[in-house]
Student: 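Could you have a look at this structure, given as structure tokens, before my questions?
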Amino acid sequence: MKVLVLNGSPRRGGSVASLLKTVIRNVSAEHDIEWIDVCGLDMRFCTGCMVCREKELCILPEDDAHTVGNKIRDADALVVGTPTHWGNMCAPLKLLFDRNVPVFMGESPRGMTAPRQKGKRAVIVTACTTPWPFNVILPESRGALRAVREVLHYGGYKIVGTVTRPGTKKSTEINTSLEKKANRLGGKLVQS
Ligand SMILES: Cc1cc2nc3c(=O)[nH]c(=O)nc-3n(C[C@H](O)[C@H](O)[C@H](O)COP(=O)(O)O)c2cc1C
């Protein structure tokens, strides 16, 4: 299977990157894993022209959003990591998704949507400074997860699980139970 990891964090040694590495640690070597640092991509903003809904391709000049869009299309499974920014997913990841709407869903002239990646599996990871349980009560990491879920649901992905590291201001350590959960989800991602 082809597993694509989308790391939305600009901090390569941060909590999101650590969680992503923990998820893929349990994906056996027979699978093909590709890691993309989304913050390093060269992408123009979406202009909202809506032409992609008809042409099924973004008409902006070729950039990394096209390249990674094709990788998302080709991948059998996704691991999406985002730091929680303003109770939402981070801007670079959102931009990648904005530029690739037709990769995730088709849209009829009457506005009906159809998933384009139906049945593929995905895991979402996030981290935030707000400690538990406030990261969930106030929609902090909960907001970031909801935002990524929204995109993946439109794509028809089956989300096999999510991993959240709250309270990163106090400690960035990935404790044993979080590590176990991340490992388990990595296994579920590629289970036949
Ligand atoms: C622009 C910005 C916005 C943030 N917004 C929130 C937020 O809404 N809630 C929160 O709990 N933490 C917020 N944070 C903190 C990050 O989520 C936190 O530092 C997280 O651990 C980052 O993950 P990383 O270490 O993998 O980059 C924000 C950080 C930045 C830079």
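Counting starts at 1 for both ligands and their atoms, in listed order.
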Student: Looking only at protein heavy atoms, which one is nearest to atom 21 (O) of ligand 1, and how far off is it?
Tutor: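 Answer, as residue, atom name and distance: Thr168 OG1, 2.7 Å.
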Student: Just by distance, no angles: are the side chains of Thr130 and Asn135 close enough, under 3.5 Å, to form a donor-acceptor pair?
Tutor: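 Not at all, the side chains of Thr130 and Asn135 share no donor-acceptor pair under 3.5 Å.
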Student: Looking only at protein heavy atoms, which one is nearest to atom 11 (O) of ligand 1, and what is the separation?
Tutor: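 Here the nearest protein heavy atom works out to Thr130 OG1, 2.5 Å.
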Student: Could you tell me, atom by atom, which parts of ligand 1 come under 4.0 Å of a heavy atom of Trp86?
Tutor: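 Near Trp86, meaning under 4.0 Å from one of its heavy atoms, ligand 1 has 3 (C), 4 (C), 5 (N), 6 (C), 7 (C), 8 (O).
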Student: Can we say Arg44 and Asp63 salt-bridge, meaning some charged N sits less than 4.0 Å from an Asp/Glu carboxylate O?
Tutor: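 Judged by the 4.0 Å cut-off on N to carboxylate O distance, Arg44 and Asp63 do form a salt bridge.
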Student: Is there a donor-acceptor pair under 3.5 Å between the side chain of Arg121 and the backbone N or O of Lys188?
Tutor: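 A pair under 3.5 Å: yes.
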Student: Can you tell me which residue and heavy atom of the protein come closest to atom 27 (O) of ligand 1, and the distance to 0.1 Å?
Tutor: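 The closest heavy atom on the protein side is Ser9 OG, 2.7 Å.
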Student: Would you mind checking which non-hydrogen protein atom is closest to atom 28 (C) of ligand 1, with the distance to 0.1 Å?
Tutor: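 Sorting protein heavy atoms by distance from atom 28 (C) of ligand 1 puts Thr84 O, 3.3 Å first.
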Student: Are any side-chain N or O atoms of Thr168 and backbone N or O atoms of Cys128, one a donor and one an acceptor, separated by less than 3.5 Å?
Tutor: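 Flag set: sc Thr168 to bb Cys128 pair under 3.5 Å.
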Student: Please state which protein non-hydrogen atom is closest to atom 29 (C) of ligand 1 and give its distance, to 0.1 Å?
Tutor: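 Scanning the protein heavy atoms, the shortest distance from atom 29 (C) of ligand 1 goes to His85 CD2, 3.5 Å.
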Student: Testing Leu60, Thr47, Leu41 one by one against Arg99 for a side chain to side chain contact (heavy atoms under 4.5 Å, CB included), which residue passes?
Tutor: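 In the set Leu60, Thr47, Leu41, the residue that makes a side chain to side chain contact (heavy atoms under 4.5 Å, CB included) with Arg99 is Leu60.
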Student: What's the shortest distance from atom 12 (N) of ligand 1 to any protein heavy atom, and which residue and atom give it?
Tutor: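 Checking every protein heavy atom, the shortest distance to atom 12 (N) of ligand 1 gives Thr129 OG1, 3.1 Å.
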Student: Any donor-acceptor pair under 3.5 Å linking the side-chain atoms of Gln117 with those of Lys120?
Tutor: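 There is such a pair between these side chains.
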Student: Might you work through the side chain to side chain contact (heavy atoms under 4.5 Å, CB included) test for Leu178 and Arg165, ending with a clear yes or no?
Tutor: CA-CA 8 Å; Leu178 212 54; Arg165 175 63 172 95; 3.5 Å; yes
Student: Atoms of ligand 1 less than 4.0 Å from Pro83 heavy atoms?
Tutor: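 Within the 4.0 Å cut-off of Pro83, ligand 1 contributes 22 (C), 23 (O).
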Student: Any nitrogen or oxygen of Gly14, side chain or backbone, less than 3.5 Å from one on ligand 1?
Tutor: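 No, there is no polar N/O contact under 3.5 Å.
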Student: How far is atom 9 (N) of ligand 1 from its nearest protein heavy atom, and which residue and atom name does that atom have?
Tutor: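 Ranked first by proximity to atom 9 (N) of ligand 1 is Glu140 OE1, 2.7 Å.
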Student: Tell me which one of Thr84, Thr82, Thr162 satisfies side-chain hydrogen bond (donor to acceptor under 3.5 Å, both in side chains) with Thr126.
Tutor: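 Single side-chain hydrogen bond (donor to acceptor under 3.5 Å, both in side chains) partner of Thr126 among Thr84, Thr82, Thr162: Thr84.
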Student: Looking at Arg11, which atoms of ligand 1 are within less than 4.0 Å of one of its heavy atoms?
Tutor: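 Here the atoms of ligand 1 in question are 24 (P), 25 (O), 27 (O).
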Student: More than 12 heavy atoms of other residues, nucleotides or ligands under 6.0 Å from CZ of Arg12: yes or no?
Tutor: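 It does not: Arg12 CZ has 12 such atoms or fewer within range.
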Student: With atoms numbered from 1 as shown, which atoms in ligand 1 lie under 4.0 angstrom from a non-hydrogen atom of Ser15?
Tutor: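 Within the 4.0 Å cut-off of Ser15, ligand 1 contributes 24 (P), 25 (O), 26 (O).
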Student: Considering heavy atoms of the protein only, find what lies nearest to atom 8 (O) of ligand 1 and give residue, atom and distance to 0.1 Å.
Tutor: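 For atom 8 (O) of ligand 1, the nearest protein heavy atom is Gly87 N, 2.8 Å.
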